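Source: prediction; values computed, not measured. To find a chain, count down the sequence lines: A is the first, B the second, and so on, and within it residues start at 1.
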Amino acid sequence: MTERPNLPSRYAAAEVEPAIYERWLASGAFAPSAEPRPGAERFVITMPPPNVTGSLHVGHALFVTLEDLLTRYHRMRGDDTLWLPGVDHASIAAQFVLDKIIAEEGETRASLGRDRYLERMWRFMDETRDVIGLQMRRLGASADWTRNRFTMDPMSARAVRTAFKRLHDGGLVYRGEALVNWCPRCRTTISDLEKVPREETGTLWTIRYHLARPDGTPDAERWIAVATTRPETVLGDVAVAVNPDDERYRDLVGREAILPFLGRRLPIIADPVVERDFGTGAVKITPAHDPDDYETGRRHGLPAISVLDEEARINDQGGPFAGLDRYEARERIVEQLRAMGDLEGERPHPMVVGHCDRCGTVIEPRLSVQWFVRTKPLAERALASVRGGRTKIVPEHFTKVYAHWMENIRDWAVGRQLWWGHRIPAWYCPDGHITVTDAEAGPDACAACGRPAAELTQETDIFDTWFSSGLWPFSTLGWPDDTADMRRFYPTSVMETGYDIIFFWVARMMMLGLFLTDAEPFHTVYLHGLVRANGGVKMSKTKGNTADPLEVIEEIGADALRFALTVGTTPGADQRLTETKLDGARNFTNKLWNAARFVLGARPEPLTMPEGAPSLAERWIHSRLSEATERATRQLDELDLSVYAASVHDFAWGDFCDWYLEMAKVDLRRPGATPGEQARAWLSAADALAGLLRLLHPIVPFVTEEIWAALMASHPHAASQPPLLISAAWPTPGARDLLAEADLHVVTELIRGVRNLRTESGSPASAWLGLTVVPAEPAARAAIERGIDYLAALARVRPIEVREPGVDDGRPELVASTSEAAAWLGSVGGETADARTRLAANEAHLRRGIERLRALLAGEFAQRAPAAVIERERARLSELEAQLRLLSGG
RNA sequence: GGGCGGUUAGCUCAGCCGGUCAGAGCGUCUCGCUUACACCGAGAAGGUCGGGGGUUCGAGCCCCUCACCGCCCACCA
């Protein structure tokens, strides 16, 4: 080592991070070892696979950060660690994107047809499949890319077929007619979860339906008025309902009204669901277009007449309005009713309208035949797992949300009338039999009548994307086969995701996982919050307030972004990512860099064999590092990720940089020190730095790795260390050195006191002042003498006189007092009066504290409080008393 | 209409399933270019922990209640 290796003066995070990532990748550190280490604990993280069409947004950045943090920690612990990455095919979202792309090419879904559309989709996938993964790498994601998975790959397809087959065999799927949510733009069914309610002001129209005369013609003089917000649905009306107790209409029940435009005869029925006070108290019944009416219709044996097609245009049931868009039809109908004199009223009406989560279009209830998963039995088990603590939700209060949903769950319409996705493996035979199979090639013959496969037709619907996502924890490991990965990594450990998909995804994984694998798919659900923009508003591209993680990384590095996203957050609670916070994190990485530069630059040349006993500062930092290690370990084990980040930050900045490195300067530059002693001092600093780097690596992996490389290059014992920090062992806390900590506590308190006084007395910061110290007792005196060089350097005082208490010294410029010692500066200037005032104030403050504690200890507290608590207060009291004695010269 | 979360220093947020003058970062003020770092160092000011009531020897933490803010769930045309 002829050339002293050191780091560049500036840390160019964005420039060096990719290279560091390549080193990790090349080292094979991300993948679990071929065989698990005997006795190793298992740690497997389940991540939410991002949409294949997506590009990295700040929400991804958050989950990648948290999951990578945990993965790195457990890997360093030596656990059998797996973080399996992948992407979700996101059928509806992907089609939404592709539809827009092909539109630019002058094509539509219809013009291409299913086969060519899917071909186009797969080409699109080639472009997008790796994008998100590459971006995740920029954040430092140490996932096992050799196991990268896609929910449309053959393994996943097989899992989907098998899952459906087993659900079917278990009587948990059925096909039936129901009113489902239909998006006229996406032209598919969507689940209740994908329907987002929005408050809107609509219009409530009151319409007259004339009563039917005995001959079936409308009675111009008599009518029943109904209220509706969707006049276009009158075309599908089959009845008018009133409350059975409503006297106003009692005599009308059993009679008939005539539907305008179409002349259909509508029985007037009585049903208790009708609220007498709403509107006119009479309701038009449209079973094919309203969930309530659908139920009412069933109860009364009424037909359901669909009047809208898949794009929400009036179909051929709509008479004169056929072919019109639903809103156009609405207008025309209102107009014509008005012209006919049958529009009795219209007024603004606040209401909640369901929109498509994907495209924002207003959802129509639509009558159709669908595949459903019977969720009740699945939900019961999924709920029991959480209630029984076999799966724990963090934060705990989301358990209630989860439970409420599970208790009120409705059957899951799993079919989608889309093309991009897993096609439901059900085949229909001309005789109406249904055959469900998990065979890739489909069934050989109808399971019921044996008709050959050639005569069967496959269901055209595909699965809801979340059906395959719900299999993720095990489909990615090879299920349904009994693979080595399945045995080794399932069930997984922590499932980490945002609370916004607790129903979509977490609940489904629990239900499907328990049914299909007979195990909870993970023991912990860690829910992070949403990242919001400044002002607490949701980030959205249209508002232009999105923080682009890639831009942030380019500017300040991935470490800083990771740190900012982790610190100061609580699981399940939203956070704001502000410029200030990012700056703070950037400053922190910079601080680490410079601390390392100091250590590396301080290496004695040549570095000889160390000799001599460790200095007080060396013992102190060693002890503090032990404590920090213990704390960090506990916090990470308890998933207190933000607290971990804050506490290692504080240790690094406060204990290590502010105190230890300043004291290390004293040791390193101690006059008369032998080369061996200098070597010892430096090695202590280098080792403390190494320990610190290990603690920090999970949260700021890049900068710590880069520093590690430089440190190892200049450390004589580097050969015994792994070349890459990512593969280094998580430290085990050593023994605390409480004596060193106690000694330095006395000294640092004194330093603080002196600094305080220097500022208050306005003495020049650069001036060396004489200091007189009066220790309270021999122990304090010994401590001060042991740390006197640090005291001198850090408080900038020279010379220091240590005096016995009780000597009359007139101490006009008493400056500082701690419980261990009193001290004053030699020549502060002519500020005697100020000093006396200060002394008096100090004394008064102490007396108040003492009184308060004496009163406390004299009261009921002393009888009732736990002994430890009382003892602590007693100790505090005697500290204050000692301090007062010192102050008053006792 | 139900349910949940929040309300702590000017701002953004911590606060260990009650322990006794409440913490951090940023901002503000005062000093300081002391050869790791001005993306820095030293010091300081700043809070009736949303309001009210209660339980307790003791409450930011528990209970009741009110007020705002936010979110989730929900089939009133």
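Listed in residue order, the members of residues 630-650 of chain A having a heavy atom less than 4.0 Å from RNA chain B come to none.
Checking the phosphate oxygens (OP1, OP2) of C40(B), no side-chain nitrogen or oxygen of N590(A) falls inside 4.0 Å. When the side-chain nitrogen and oxygen atoms of N756(A) are compared with OP1 and OP2 of A44(B), one or more of them lie within a distance under 4.0 Å. Within the 4.0 Å cut-off from OP1 or OP2 of G70(B), not a single side-chain nitrogen or oxygen of R532(A) is found. Between T570(A) and the phosphate of A14(B), there is a side-chain N or O to OP1/OP2 separation shorter than 4.0 Å. Phosphate proximity of C31(B) to R758(A): absent, as no side-chain N or O sits under 4.0 Å from OP1 or OP2.
Distance noted for atom C1' between G15(B) and G54(B): 24 Å (whole Å). One P atom belongs to G18(B), the other to G2(B), and the distance between them is 32 Å to the nearest Å. Rounded to the nearest Å, the gap between the P atom of C29(B) and that of C68(B) is 37 Å. Remark: the separation of the P atoms in A59(B) and G1(B) is 36 Å, to the nearest Å. Here, A44(B) and C57(B) have their P atoms 38 Å apart, quoted to the whole Å. Taking atom C1' on both A24(B) and A14(B), the two are 7 Å apart, rounded to the nearest angstrom. Using atom P as the reference point in both G52(B) and U8(B), the two lie 15 Å apart (nearest Å). Spacing between C40(B) and U35(B) at atom C1', rounded to whole Å, works out to 14 Å.
Rounding to whole angstrom units, CG of residue L853(A) and P of G58(B) are separated by 17 Å. Between E407(A) atom CD and C73(B) atom C1' there is a gap of 13 Å when expressed in whole angstrom units. A straight line from CG of D574(A) to P of C69(B) spans 17 Å, rounded to a whole angstrom.
Of the candidate nucleotides C76(B), U30(B), C57(B), C57(B) has the atom lying nearest to any side-chain atom of A865(A). In this structure, of C76(B), A74(B), C72(B), it is C72(B) that holds the atom nearest to the side chain of V401(A). Of the candidates C73(B), A74(B), A77(B), A74(B) carries the atom nearest the V352(A) side chain, counting heavy atoms from C-beta on. Of the candidates G41(B), A77(B), C57(B), C57(B) carries the atom nearest the E860(A) side chain, counting heavy atoms from C-beta on.
A salt bridge links R631(A) with E627(A): the closest approach of a Lys/Arg side-chain nitrogen to an acidic carboxylate oxygen falls below 4.0 angstrom. Using a 4.0 Å cut-off between charged side-chain N and carboxylate O, R854(A) and E881(A) make a salt bridge. Under the 4.0 Å criterion applied to side-chain N and carboxylate O atoms, R276(A) and D246(A) are not assigned as salt-bridge partners.
Contacts of R230(A) classified as side-chain hydrogen bond (donor to acceptor under 3.5 Å, both in side chains), with partners at least two apart in sequence or in another chain: E364(A). D637(A) pairs by the salt bridge (charged side-chain N to carboxylate O under 4.0 Å, His left out) definition with R77(A), not counting sequence neighbours. In terms of the side-chain hydrogen bond (donor to acceptor under 3.5 Å, both in side chains) criterion, T497(A) has no residue partners (sequence neighbours excluded). Listed by chain and number, the residues in a side-chain contact (heavy atoms from CB on, under 4.5 Å) with V226(A) are I207(A), Y209(A), V240(A), A282(A), K284(A) (sequence neighbours excluded). In this view, A304(A) and P287(A), A288(A), L367(A) satisfy the side-chain contact (heavy atoms from CB on, under 4.5 Å) rule, not counting sequence neighbours. In this view, E200(A) and R198(A), V353(A), H355(A) satisfy the side-chain contact (heavy atoms from CB on, under 4.5 Å) rule, not counting sequence neighbours.
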Name every donor-acceptor pair, under 3.5 Å, that has one atom in a side chain of residues 649-657 of chain A and the other anywhere in the protein, sequence neighbours excluded.
unit_1  : atom_1 : unit_2  : atom_2 : d
D655(A) : OD2    : R624(A) : NE     : 2.9
D655(A) : OD2    : R624(A) : NH2    : 2.8

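P197(A) comes within 4.0 angstrom of nothing in the nucleic acid, heavy atoms only. Within 4.0 Å of W205(A), counting heavy atoms only, lies no atom of the nucleic acid at all. In this structure, R872(A) reaches the sugar-phosphate backbone alone: every heavy-atom distance under 4.0 Å involves primed, P, OP1 or OP2 atoms, never a base.
Listed by first and then second residue, the salt bridge (Lys or Arg N to Asp or Glu O under 4.0 Å) pairs that reach into residues 556-567 of chain A are D68(A)-R562(A), sequence neighbours excluded. For residues 393-404 of chain A, the side chain to side chain donor-acceptor pair (under 3.5 Å) pairs, not counting sequence neighbours, are H404(A)-N408(A).
Residue order along RNA chain B, read from the 5' end via each residue's closest nucleotide, puts A573(A) first among E873(A) and A573(A). Where V567(A) and R586(A) each meet RNA chain B at their nearest nucleotide, the meeting point lying more 5' is that of V567(A).
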Distances for protein N/O vs nucleotides 32-36 of chain B N/O pairs under 3.5 angstrom?
unit_1 : atom_1 : unit_2  : atom_2 : d
A36(B) : OP1    : K665(A) : NZ     : 3.4
A36(B) : OP2    : R669(A) : NH2    : 3.4
A36(B) : O2'    : N594(A) : OD1    : 3.0
A36(B) : O2'    : R597(A) : NH1    : 3.0
A36(B) : N7     : K665(A) : NZ     : 3.2
A36(B) : N6     : C657(A) : O      : 3.4
A36(B) : N6     : E662(A) : OE2    : 3.2
A36(B) : N3     : N594(A) : O      : 3.1
A36(B) : N3     : A595(A) : N      : 3.1

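For H300(A) and Y294(A), the ring centers sit 6.0 Å or farther from each other.
In RNA chain B, stems built from 3 or more consecutive Watson-Crick or G-U wobble pairs, each with both distances under 3.5 Å, span B:1-7 with B:67-73, B:10-13 with B:23-26, B:28-32 with B:40-44, B:50-54 with B:62-66.
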